[in-house]
Amino acid sequence: MKSTWLLWMTTICLAALITGISAAQETEATTETVATDETESPPDTLMVVIPDEMVFAAPALVTTVGRADGTIVHVICRRAGIDSELIEEVQREDLDGIGTLVVAMGGSTKGLGAAGVDADTEVERGEEVLAMASVADVPILGVHVGGTPRRGELSDEFCEVVAEAADALIVKAGGNEDGFFTEIAERRDIPLIEVGTNAEAIEALADLFGVAEDQ
Amino acid sequence: MEMERRIHHPRLSSVLTALGAVWAAVAAVLFLSAHRMEPLVVGEGVTSIRRLSEWHTPLAGTPGDTDVYVLDSGVEGAKVLITFGTHPNEVASHVAGTLMVENAVCREGMLMVIVHTNASGFTHGDPQEAYPTRFEIERPDGTRRWFRFGSRYTNPVHQWPDPTLHINPAGQVLAGIDSRNLNRCYPGRPHGFLTEQVAWAVCELIRQEDVDLFIDIHEAAPEYPTVNVMIAHERAMELASEALIDLEMGIPGFEINLEPSPLNLRGLTHREVGDSTDAMAVLMETANPSQGRLKGRTTEEQVVEGRDSAYTQAYQHQIEIQARGTGDEASRRILWALPYDSASGTYPLRFRVARHLAGIESLLNALTYHTDRGIAVEGIPDHGDLITQGIGAFLAPPPED
């Protein structure tokens, strides 16, 4: 009987001790602080001067490599006053009469799932579309508006494929914090426009397409 | 020998038995109290309260029936249905719904709000999670409102047993427990499980009332990739894109992504409501640490303040590896949703509710500005005001019992 009571008391003491240590750790950790939140202003944007001769022409064909953000980029184009159309599965004939191929960069697991393709197949498809545009002499503009969530293992492969083929890049600053796009743009000597917000992306697109400000 | 000792302590046995009975009685009372729904104060904008069973009569009198708050302007316009509380452990959802019912006024078109869409799920918690059954939010005058912390699933007391596998109404084979997960049961079955009937009733409401836009409000773990997003059916992608751009332009630093509803992930609102009704369907997610697998003990403070030391450490670790530059390690993300409050490294409920309400308002505005069917809703608490003043500032005084 005594040994049973002793066992109970030991168990209770141990439980109390573990709870106490856990609570102490909790208190200690909660005093720590970390950075950035959504109430802060976006980072300062870096506007790269685009050569005068580099004006992208409308109509634009908007597509994606990675199945992400195509509709958003299409809406941004429309708000910039650019005559544009969104086609996810671009065929060679879709490029006829097109002034610019605007490619939304970044991966979406849900988008890939919706299309019923895996990442490798999407990379291959993307490379084919970019090659078709190159052969058809259609300028390519890579656009990355997804910020940090559209970077990482899945997205980077798609971003790289597009950035390596593009004639210019528009990238939200949050998606280029590690200089991923800057490195490619500098190495390939292509213009990179880094924007802080979608509003700036609209402005940048309007500038690139030479759309009058009053539109 | 042992037997002899027990016989010699009949009084002790009686006392222990009595204590056990008292403990059982207290536990029973506490258990049954979980069936008491949190109070909600109907705001001036609510023109009628209907029951979901009006669109599917077999639900009447069942634990699946729930209130539908109608905010009818009386002016011709768009009709919008917003469902909150599909998963009652995603607390920012039903708190946001409560704020809508208590504050919003419709001036054009009609808004319908269901705060406790899976009403049964509010009556219990998830086994082995040790969730608190309720949490409180303080108002500026010091009075407090309480809210239920429920389960992701319909109460097994109301729907039991689970099948071994659940072939949901959209034909996808899922784990048996998902027969009680409302957001795997769309578009519902009129004679199916209770949860499937709730989904059916929601779809019937949308069809019979000619709803133009359907919005479903959720939360997910901060480490889940599909978080801080809108997920839209293909017919709602343009509308959601417009809303998203407006959101980011209107609120400095606000980041939200848009994902297409997968064709092969079946039973969820953004897919099935879009496919089986004429409404455009959008689902929104915020990050909730009390749902995550990295979390520590789920306390009321964790639920309301979104404070969890494990998530703070995970975030710091992520910052450190990203600071090391590019490379495989740097490209791996631990958290897809960074803490909303940089000062404390936390995910406070007020930030999550503010995100949802801002998203809803932006979608309503996009519907008005970019389609020929408009809706005008006033009184939705402002994103910045919610963050600075807190949720309590927008809650009505607690009703008397």
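Residue numbers start from 1 in every chain, and the chains themselves are labelled A, B, ... in the order their sequence lines are given, proteins ahead of strands.
Side-chain atoms of A:R79 and B:M249, non-hydrogen and from C-beta on, do get closer than 4.5 Å to each other. With contacts defined as side-chain heavy-atom distances shorter than 4.5 Å, the pair A:K172/B:E248 qualifies. Using a 4.5 Å heavy-atom threshold, the side chains of A:N198 and B:L244 count as touching.
Heavy atoms closer than 4.5 Å to chain A are found in both the backbone and the side chain of B:M237. Looking at A:A68, there are no atoms closer than 4.5 Å to chain B (heavy atoms on both sides), in backbone or side chain. Using a 4.5 Å cut-off between heavy atoms, A:T148 touches chain B through backbone and side chain atoms alike. Proximity to chain B (any heavy atom under 4.5 Å) is shown, for A:L112, by neither the backbone nor the side chain. Using a 4.5 Å cut-off between heavy atoms, B:S261 contacts chain A through its backbone alone, with no side-chain atom that close.
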>> Does A:T71 form a side chain to side chain donor-acceptor pair (under 3.5 Å) with B:E238? I'd like the steps, not just the answer.
In response: CA-CA 6 Å; A:T71 317; B:E238 279 221 15; over 6 Å; no
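A donor-acceptor distance shorter than 3.5 angstrom exists from the side chain of B:N264 to the backbone of A:G113, with no hydrogens or angles considered.
Taken from NE2 in B:H270 to NZ in A:K110, the straight-line distance is 5.5 Å, to the nearest 0.5 Å. Between A:T197 atom OG1 and B:E255 atom CD the span is 11.0 Å, to the nearest 0.5 Å. We find the CZ-NE2 distance between A:R78 and B:H370 to be 8.0 Å, quoted to the nearest 0.5 Å.
For the options B:I256, B:I245, B:V229, heavy-atom pairs under 4.5 Å to chain A are most numerous at B:I245. For the options A:P149, A:S155, A:A115, A:G147, heavy-atom pairs under 4.5 Å to chain B are most numerous at A:P149. For the set A:S108, A:G116, A:G70, the count of heavy-atom pairs under 4.5 angstrom toward chain B peaks at A:S108.
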